[in-house]
Amino acid sequence: MHETVNRCEEILAEWLRQAFQAAFGEVQDWSGIRVQPATDARFGDFQCNDAMQAAKTLRRPPRAVAEAVLAALPLPPMLTRAEIAGPGFINLTVAPEWLAEQVAVLSAAPRFGIPDAGQGRTVVIDYSSPNVAKPMHIGHIRSTVIGNALDRLHRALGYRVIADNHLGDWGTQFGLLIQGYRTFLTEAEREALTIEALERVYVQSYNRSKEDPAWLESCKSELVKLQQGDAENRAIWERFIAISRREFDRVYGRLDVAFDLTRGESYYNDMLPETIQVLQDKGLAVESEGALVVNLEDEGMPVCIVRKSDGGFNYAATDIATVRSRVAEFDPDRIIYVTDERQQLHFRQFFAVCAKLGYTTHLEHVWFGLMRLPEGTFSTRQGNVIKLESLLDEAERRALEIIKASNSEMPEDEQRELAVAIGIGAIKYTDLSHDPQTMIVFTWEKALALEGNSGPYLQYAYARVCSLLDKYAEQVPDRDPLTNALLLDEPVEKALALQLMRFPATVLRAAEVCKPSVLADYLFSLSQTYSSFYQRSPVLKADAAVRDSRIRLCAMVAQVLAEGLGLLGICTPRRI
RNA sequence: GCCCCUGUAGCUCAGUUGGAUAGAGCAACGGAUUUCUAAUCCGUGGGUCGCAGGUUCGAGCCCUGCCAGGGGCGCCA
């Protein structure tokens with residue numbers, strides 16, 4: 001166990017294990033005894049529920065077990081109280097001085113005690129993955145923002161992360177696009193090619209293909225030419241990709257998202273025949289209705305088609321080839337895919353195929369609920385898609401409006417910079433604060449919330465801490481608040497310290513379960529406690545000893561908020 | 001028909017893997033500003049945790065059945 005994770009709980013549990021041992025040592029070993037934060041501050045700071053569990057095997061009343069345990073050893077100095085409540089809860093109240101020591105350990109540790117859980121092991125995170133020749137819309141925000149947070153979380157935990165943007169740059173749509181590009185665009189439009197033009201071309205070409213079989217045939221033949229390496233089609237295709245990537249990069253820049261690799265599906269194209277060959281050699285892939293399939297009856301799933309009856313490869317083939325390639329090149333411990341919920345079956349199927357191939361890499365599909373509009377799903381045809389960039393624009397615009405109103409003396413360029421930090425932060429936070437697996441109904445109002453449980457609430461809390469720290473630095477120059485003595489006399493102060501203690505375990509858990517929302521919830525709760533503390537406990541106006549102690553607490557809150565929001569990819573301006 | 005997910009306050013959601021009187025935000029109402037940033041804080045009202053059984057000291061959480069919504073189910077990704 002890392003010494004910074006659940007530090008208090010571990011120390012207290014160790015003491016309780018000894019107490020159980022002293023009371024009932026002969027019966028069984030007590031290494032499973034656990035301590036957790038109290039569910040309610042009225043009960044104390046920590047609690048242990050295991051006496052009730054033990055009562056079963058000991059065949060004694062739960063309260064009697066708890067009493068015997070507490071009677072077995074004297075109360076250690078770290079505790080001010082240990083008492084039994086209800087059916088047999090053991091409630092523990094810790095000494096403020098002891099708690100202060102413990103939180104000081106985290107504060108002094110790098111990144112406030114985030115453990116080195118990865119120890120250099122590799123994890124590939126496959127996220128965002130937009131399709132070439134289509135603008136990114138609000139449906140892409142979840143994969144991008146959630147994936148990026150998982151990226152940052154794993155890096156902080158000591159993993160070697162390879163963030164890979166698996167672009168949709170290969171597939172049947174390119175026949176439609178190439179033929180449409182030649183037919184529906186003027187020369188001028190082809191010169192100054194935009195992604196909007198490409199999207200229009202695609203819709204036009206797609207619609208025509210449904211009514212005009214000859215058109216469909218010509219598109220198919222362009223696709224075949226592309227796949228056979230025809231120079232002209234290849235050049236057009238590369239142009240589509242270049243234009244799309246320029247577009248994507250602009251969005252990623254605004255979102256502060258960076259990838260280690262951007263390998264489209266096409267990257268794996270040459271590996272497909274060999275991949276299929278391996279499946280056949282191992283006797284996993286068999287002919288069925290002209291296609292090549294892997295039977296997954298034992299796994300309770302329908303067959304996985306790896307080669308179409310026309311001889312072409314599909315996405316399952318690409319995905320399997322991608323795993324082979326990644327395993328060979330990076331030897332990852334874990335590969336995480338972040339996509340929407342509709343692909344669950346596909347991932348379960350191809351994970352099963354990988355297992356049959358003998359891959360031990362832990363494959364994980366992090367799926368998220370589809371984003372939809374209150375009036376229903378959005379679609380290109382209905383023309384109700386919201387472009388990702390318009391969402392970002394609107395977020396920044398609304399943030400700027402509020403800044404201008406409440407912070408009119410701030411220089412214009414600083415206002416704009418702040419509007420970006422707050423606007424983008426608000427969008428990221430609304431997404432990250434929800435469990436990925438919930439369906440989100442998109443409304444401007446919710447996505448851009450600026451009060452309550454929102455990104456700006458956290459940023460505001462941080463800015464207020466910073467303001468205090470700056471003023472303290474003027475009052476007491478040349479003193480690092482983190483070296484001050486920590487008192488924790490007030491209940492709020494103790495609550496704040498207890499909450500700070502939970503940061504490392506929260507980060508670890510958020511990464512383990514691939515839910516950034518775990519961290520977001522924690523940070524909101526911490527900010528709430530801090531805001532409450534801020535309101536009722538004057539810092540700079542207090543007596544010197546109290547002032548110094550409180551500012552140290554503030555400094556630690558600042559450490560955690562900056563660190564935690566950073567892990568979510570949310571900016572922390574020092575001034576708002 | 002089969003598989004996966006969801007169902008908690010008027011709305012949007014948490015609920016630390018089975019613990020104590022189920023919590024936040026928004027909305028509503030009532031307060032706090034000679035104040036370290038009011039994008040804040042304090043308080044009030046608001047609940048048959050979809051329904052019915054079961055498991056046990058104890059269930060929002062686990063098991064079974066049903067109801068409702070979403071998604072998926074052989075050559076799209």
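In what follows, every heavy atom counts, from backbone to side chain, and hydrogens, waters and symmetry copies are set aside. Per chain, numbering begins at 1; letters A, B, ... match sequence-line order.
Base orientation of B:U17: syn (glycosidic angle within 90° of 0).
Taking the six-membered ring for Trp and the full ring otherwise, the centers of A:H166 and A:Y268 sit less than 6.0 Å from each other. Within the 6.0 Å centre-distance limit, the rings of A:F524 and A:Y457 are counted as a close aromatic pair.
Taking atom P in both B:G43 and B:U35, one finds a spacing of 23 Å when rounded to whole Å. To the nearest whole angstrom, the two C1' atoms, one in B:A22 and one in B:A59, are 12 Å apart. Distance check on atom C1': B:G23 versus B:A9 gives 10 Å, rounded to whole Å. Taking atom C1' in both B:U33 and B:A39, the straight-line distance is 15 Å, to the nearest Å. Spacing between B:C41 and B:U37 at atom C1', rounded to whole Å, works out to 13 Å. Distance noted for atom P between B:C61 and B:G7: 11 Å (whole Å). For the C1' atom pair drawn from B:A20 and B:G50, the interatomic distance equals 26 Å after rounding to whole Å. Taking atom C1' on both B:A38 and B:U16, the two are 32 Å apart, rounded to the nearest angstrom.
In this structure, A:S537 reaches the bases: a heavy-atom distance under 4.0 Å links it to at least one base atom across the strands shown. In this structure, A:L345 reaches the sugar-phosphate backbone alone: every heavy-atom distance under 4.0 Å involves primed, P, OP1 or OP2 atoms, never a base. Within the 4.0 angstrom heavy-atom criterion, base atoms lie near A:A85. Across all strands, A:Q173 comes closer than 4.0 Å to no nucleic acid atom at all (heavy-atom distances). Using a 4.0 Å heavy-atom distance criterion, A:N49 is classed as a base contact. The residue A:F43 sits close to a base: some heavy atom pair falls under 4.0 Å. Among the heavy atoms of the strands lying under 4.0 Å from A:P538 is at least one base atom, whether or not backbone atoms are also near. Within the 4.0 angstrom heavy-atom criterion, only backbone atoms of the sugar-phosphate kind lie near A:Q528; the bases stay farther away. At a threshold of 4.0 angstrom between heavy atoms, the contacts of A:R42 include nucleobase atoms, whether or not backbone atoms are also involved. Base contact: A:N91 has a heavy atom under 4.0 Å from a base atom. Using a 4.0 Å heavy-atom distance criterion, A:Q36 is classed as making no nucleic acid contact. Within 4.0 Å (heavy atoms only), A:R348 reaches sugar-phosphate atoms of the nucleic acid but no base atom.
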For the pair A:L176 and A:E222, evaluate side chain to side chain contact (heavy atoms under 4.5 Å, CB included) and give the outcome as yes or no after the intermediate values. CA-CA 8 Å; A:L176 294 167; A:E222 291 309 314; over 6 Å; no
Start with the C-alpha distance between A:Y337 and A:F347, add both sets of side-chain angles, then the distance that settles ring-ring contact (aromatic ring centres under 6.0 Å, His included), and finish with yes or no. CA-CA 9 Å; A:Y337 298 84; A:F347 277 101; 5.0 Å; yes
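The nearest whole Å value for the distance from the CZ atom in A:R342 to the P atom in B:A77 is 14 Å. Rounded to whole angstrom, the span from the CD atom of A:E341 across to the C1' atom of B:C73 amounts to 15 Å. Remark: C1' of B:U16 and CD of A:Q47 are 11 Å apart, rounded to the nearest angstrom. Going from atom CG of A:D548 over to atom P of B:C36 covers 19 Å, rounded to whole Å. Atom pair A:I84:CD1 and B:A20:P shows a separation of 18 Å (rounding to whole Å applied). Atom CZ of A:F524 and atom P of B:G23 are 16 Å apart (whole Å). One can place CZ of A:F351 at 17 Å from P of B:C4, the figure rounded to the nearest angstrom. Between the CH2 atom of A:W367 and the P atom of B:C4 there is a distance of 12 Å, rounded to whole Å.
A donor-acceptor pair shorter than 3.5 Å cannot be found between the side chains of A:D169 and A:Y267. Of the N and O atoms on the side chains of A:E490 and A:S537, not one donor lies less than 3.5 Å from an acceptor on the other residue. Under 3.5 Å, the side chains of A:E265 and A:T318 contain no donor-acceptor pair of N or O atoms. A donor and an acceptor atom, one from each side chain of A:D340 and A:W367, are nowhere located under 3.5 Å apart.
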Protein and nucleotides 11-15 of chain B: nitrogen or oxygen contacts under 3.5 angstrom:
residue : atom : partner : partner atom : Å
B:C13   : OP1  : A:M439  : O            : 3.4
B:A14   : OP1  : A:D435  : N            : 3.2
B:A14   : O2'  : A:D521  : OD2          : 2.9

Contacts under 3.5 Å, N or O only, protein and nucleotides 38-40 of chain B:
residue : atom : partner : partner atom : Å
B:A38   : OP2  : A:R464  : NH1          : 3.1
B:A39   : OP1  : A:Y460  : OH           : 3.3
B:U40   : OP1  : A:G452  : N            : 3.2
B:U40   : O2'  : A:R464  : NH2          : 3.0

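Look at B:A24: its Watson-Crick or wobble partner, with both distances under 3.5 angstrom, is B:U12. B:C62 is paired with B:G54 under the Watson-Crick or G-U wobble criterion, all donor-acceptor distances under 3.5 Å. Pair assignment for B:C49: none, as no Watson-Crick or G-U wobble contacts are both less than 3.5 Å. Across every strand in view, B:G30 sits in a pair with B:C42 that passes the Watson-Crick or G-U test at under 3.5 angstrom. When both pairing distances are held under 3.5 Å, B:U37 makes no Watson-Crick or G-U pair with any nucleotide shown.
In this structure the side chain of A:T438 never reaches within 4.5 angstrom of the side chain of A:F368, judged on heavy atoms.
Two residues, A:E265 and A:S467, neighbour RNA chain B, and the one matched to the more 5' nucleotide by heavy-atom proximity is A:S467. Each of A:A463 and A:K56 has a nearest nucleotide on RNA chain B; the 5'-most of these lies closest to A:A463.
Cation-pi geometry between A:R464 and A:Y534 is satisfied (NZ or CZ under 6.0 Å from the ring centre, within 45° of the ring normal).
Between the side chain of A:S209 and the main chain of A:L216, no donor-acceptor pair closer than 3.5 Å is present.
Closest approach of A:Y462 to A:A562, counting heavy atoms only: CE1-CB, 3.8 Å.
Classification of A:E409 and A:R575 as a salt-bridged pair holds, one side-chain N sitting under 4.0 Å from a carboxylate O.
The listed nucleotides are B:G19, B:U37, B:C75; the one nearest the side chain of A:K471 is B:U37.
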